[in-house]
Every structure is written in structure tokens, then in C-alpha cells.
There are 2 protein chains.
Amino acid sequence: MEVKNGRSISTRRYPCEKCPLRPLPAFRPFTSDELAFISQFKKGELTVAKGSTVLIEGTHSAHLYTVLFGWGFRYKLLEDGRRQVLNYVMPGDMIGLQGSIMGEMEHSVEALSNLMLCVFERDELYALYRKFPSLAFDITWLAAREECMLDENLLSLGRRTALERAAYLLAFIESRAASVGLNGGKSPVEIPITQTHIADTLGLSLVHTNKTLRKLANRKLIRWLERSYVILEPEALREIARWSGSDGAPRPLV
Amino acid sequence: MEVKNGRSISTRRYPCEKCPLRPLPAFRPFTSDELAFISQFKKGELTVAKGSTVLIEGTHSAHLYTVLFGWGFRYKLLEDGRRQVLNYVMPGDMIGLQGSIMGEMEHSVEALSNLMLCVFERDELYALYRKFPSLAFDITWLAAREECMLDENLLSLGRRTALERAAYLLAFIESRAASVGLNGGKSPVEIPITQTHIADTLGLSLVHTNKTLRKLANRKLIRWLERSYVILEPEALREIARWSGSDGAPRPLV
DNA sequence: CGTTGACTTGACCGTCTTCAAGTTTAGTGG
DNA sequence: CCACTAAACTTGAAGACGGTCAAGTCAACG
């Protein structure tokens, strides 16, 4: 095993046939043909340490990844350092697709926890399109889903108040995390992010974010716990944000 | 010709072989095979009158469109009527893909000018994936491009000031419009939107948007002209927004 | 045991919102 | 052709929401 920059490439501990994600109800069932193709499409596993950067804005990447375990986030920077978190990445999410298709990464990705990724070759993506149209369709599906999430985030930043935004963000992350078993069996989901991350997601200052989260905590909708948030009442948060929630229909997993 | 709700379906005045968009340098060249397939994929043309709604959030659509002429915008609403404009659509942009793939539309689309659309059948999309992997790849390309634009818009809403946001938005629209000849040959691009649209895009109030645009107009970077804005100095706007601009590499057109 | 990163809290200030009252322009019907 | 209306834009004033500044506490870490 090779270790560098908080990254290490391991042998394949999780063959696709024994993928821990695939059996979850959140994902659509796959045919054995599809599974066999994905299995040879997958080149290995990459472990990224908490806090290190997976992909960097402005660079080219020879790889494409799917998250197997852990949390991360996508972000962009302004020249003077202002940072905007665009979305969070969780198990089942593909990262690096935009860079694979358009050439250069337009955003960066950082690990919020230790992260395990399935590694694919960018150069083989086109072969997938030629040989497995159903998987190609799935990849477009994933891109459309990401677009949907970004649309909702834009609505949030543009038109929701600070309290609504915070409620939306936490309810949103909770629902995604719960659907892929990120709570690890425990019922209230625990999100490993700092208030700085939340502030950079909501487009608010750190100070104001702190005061806003306190309001939610005072109402006992969330709880603070050693550098992470626990979501106690996702339903109440959704109501504050006036968010109906996402549909939860099974989605593809590549 | 049938007319209903400001919509009319015409015979095919623009066969794909004589597509006015395709020769533009903004689009990648296509093989004759691809062109032939797209030509039979296209079912007709739809004309939508300025101000009418093309697609509605929460509904299912049997169609998928590509914009041939004109301007429009995608938006989402909050229950109480707050509106967020997500992005603008211009010639060469595909609309309704998200709904075609995921079933239900998660946003609405409205025409800013009279709009002419190429109409495709949602049900034939999968056949395209089976028969023309190169076009399937192109569709993913377009989805990735949309994602890129949304990321930049999120950065803008979250981390740019009102003046920077306005400058970014106008420079952004200008560069997209210019690349597809929406200026109609005239050098400064004229954007047919109201200040209400701009406000709903920037996440600002109408009053503050008005005052912010005035600052840009006072510096002679933009000019107001009969219910539309003229962009005089895109370069200066980009500098205010600290935006480097998009790459301008040829993109696919389906 | 000093340093660092994360969180907290209060005070003050400015950007942006809201309210209110206008003007101008385009469209409509008498 | 003109009065009427609605939509879009404009402007000023007051106030709220959120930002910035400053000075803390606390836990983890070498």
C-alpha cells in the first residue's frame, strides 16, 4: 500500500459483487451484466484522510470516483479566499464527472471524514457509453440529480432567510445521509462538519451562523456534539424551511 | 398550425441539416450519421410566446427541447411566492432533461422572448443512448455544463457582494449570448429582462437591485434601453466580479 | 504548557429590505 | 384619439438582518 498526501491506494477490499452500498433500498437493482462491467471498470480503491483534498479546481484528473464510505464536500474559491461550499458528497455519489467530461475541474473536493473511493479511469468512460447504454443513462441520471440539488441550494441561498437556510441544509443532509446508512445504524444522524463549513454553505458569516444554529438548538431540533451536529427533528426543520423533501425513489449507483 | 396557451407547433421550418446554430464556432462539428439520427429524433418545432410558461414544476413532460431561437429562464418557487431564477436558457441549451430522466420537473421554465424550440420525445431518449453513444455522451456533457454554471451561480449568491453579483450576472449572460449570436450581429448584447428578473436571480430585493444596477450604469458599463439591458463593458464587469470567464471551447448541440 | 482550531458572545455598524409614493411606458377599450 | 390601467422603473426614509470587530472559553495536540 502506498501512502502520499493523506491518500493511499489499497487492494480491492470491496469487490463490486460484495458492494456494501448496492443492497440498500436507495439504489436500483443492477443486472449481472452491468455488475460485471462495473467490476472491471473499477480500477481500485482510494483512501483519503479527513481534511485532505481529493480534487483541485483548475487541474485535470485522470480519474473518476464513486464514494464508498465517508463524507466530503465540493467547493469553489474566489481569488481573495472567500469560499462557497457547493454541495456535500456521500456514499453513492460520483465525483469528478464534470472534470472528466469537460477537461478541467471547475471546483475542488475535500474529505470531511476518512473517505474511501472506488477509482475509475477517465479514459474508459467513453467505452462505458459505447458498451453499456444503460449505465451511460445512469451517469446522466446522477448528473441530473446533482443539478436538482444545486437548484434547491440556489433557491435556499437566494430566497430563504438565515434560519430557513440552516434548517433546510441540516434537513437536506440528514435525509441524504439516512438514505445511505451514514448514521451507522443509530437513529439520529450525526454530521461531521464544523460551523465554518456550515457558514460557507449558507453564505453567512461564521458569527451569524453560530447564532442561527443556536436558535435551532434552543428549540431542541438539533444538538451539538463534539465537532458535529445531531439532527433530532428533521420533520420540524423541513417545516421551517418550507421544504417538502426529496422523492427517495431508488437511484442508480455506478 | 395549432395555437394554444401562447404555444404553437409548426411544421419543420428548420431541418437539422440547415440548422442555423450548428455552423457557429461555439458548437462542435457533427458527423453526418449523427446529424441524420438527430434529424429523425426531432419531432417538430414549438413556438412559445414571450411570457408564457414552457414547463411547470411538479408536472411530467413527454417532451424534451433544445432552444433554437430566443431567451428564457428556469426558476423555482417557495410556497409563499418567493421566486429564485436558477439560470437562463439560450439557443443550443437543452431544457427538460432533468424531468425526462427523473420523471417530475423540479423547476419551471418561462419564455423571456418569443422562443422557438426543437421538440424531442422523452420516450426516445433511451433509444438515443443505445444507438448513438457519442450523442449520449454529448447529453451528459450538456448536463455537466449546466452543473458548472450552477456552481458559479452558487458562489455568486453565497459569497459575492450585491455589486459583484450584478456584474457577474450581466457579464455571464453577455458571454453566453455573444457565443450563440444572440446579439443579432450588433456588437453590444441586449438582454431582454426586467429588473424583477435580475432581482430574483441575484437573491436581492427589487429596490436594491435597481440601486445596484444604477451604479453600474453610472460607470457606463451597462445601459438601460426599453426594458432590456445593454452590456457595454463586459471586461470591466468581469473584473468587478472577479470572474475569469468561461472557456469557450466548442460544445455539443443536440 | 503553549499553541492552534473551533466555538461563543456582546457591541456596533452597514448592507439590504421594506414601506411608501412617486414617474414613465405600453396596452386597452370607449 | 384619449382616458384608464397595469407593469416596470425610480427614489427616499426607516429599520432589520446579518456582518465585522473584539475578546473571550475550551479541548486537542505536540
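So that the names make sense, note that chain A is the first sequence line, chain B the second, and so on, each numbered from 1.
- Note: NE2 (B:His208) to P (D:dG18) measures 14 Å, nearest angstrom.
- When each of A:Thr212, A:Asn210, A:Thr209 is tested with A:Gln195 by the rule side chain to side chain donor-acceptor pair (under 3.5 Å), just one qualifies, namely A:Asn210.
- Side chain of A:Val207, nearest nucleotide from D:dT10, D:dA22, C:dC16: D:dA22.
- Whole-Å rounding puts the B:Arg160 CZ to C:dC16 P distance at 14 Å.
- We find that CD1 of B:Ile222 is positioned 14 Å from C1' of D:dC9, with the value rounded to whole Å.
- If you run side chain to side chain contact (heavy atoms under 4.5 Å, CB included) between B:Ser108 and each of B:Glu57, B:Lys76, B:Arg83, B:Arg74, only B:Glu57 comes through.
- In the set C:dG10, D:dC9, C:dA20, the nucleotide with an atom closest to the side chain of B:Thr194 is D:dC9.
- The distance from atom CG of B:Asn210 to atom C1' of C:dT24 is 13 Å, rounded to the nearest whole Å.
- Side chains of B:Glu190 and B:Ser228: a donor on one and an acceptor on the other come within 3.5 Å.
- A salt bridge links A:Arg145 to A:Asp93: one of the charged nitrogens lies within less than 4.0 Å of a carboxylate oxygen.
- If you find the closest nucleotide of DNA chain D to B:Arg159 and to B:Tyr229, the one lying nearer the 5' end belongs to B:Tyr229.
- Counting non-hydrogen atoms under 4.0 angstrom, A:Gly51 reaches nothing in the nucleic acid.
- Side-chain N/O atoms of A:Arg214 include one lying less than 4.0 angstrom from OP1 or OP2 on C:dT9.
- Taking 3.5 Å as the limit, the base of D:dG19 and the side chain of A:Lys211 contain no donor-acceptor pair of atoms between them.
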* Walk me through it: do B:Met149 and B:Glu146 pass the test side-chain contact (heavy atoms from CB on, under 4.5 Å)? => CA-CA 5 Å; B:Met149 295 192 279; B:Glu146 180 72 20; 3.3 Å; yes

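- Taking atom CG of residue A:Leu202 and atom P of nucleotide D:dG18, one finds them 11 Å apart after rounding to whole Å.
- In this structure, A:Asp80 places its CG atom 11 Å from P of D:dT20, rounding to the nearest Å.
- Here B:Ser205 lies in heavy-atom contact (under 4.0 Å) with a base.
- One can place CG of A:Leu206 at 14 Å from P of D:dC21, the figure rounded to the nearest angstrom.
- Which of D:dC9, C:dT9, C:dC7 sits closest to the side chain of B:Gln195 comes down to D:dC9.
- D:dG18 atom P lies 9 Å from atom CG of A:Leu163, rounded to whole Å.
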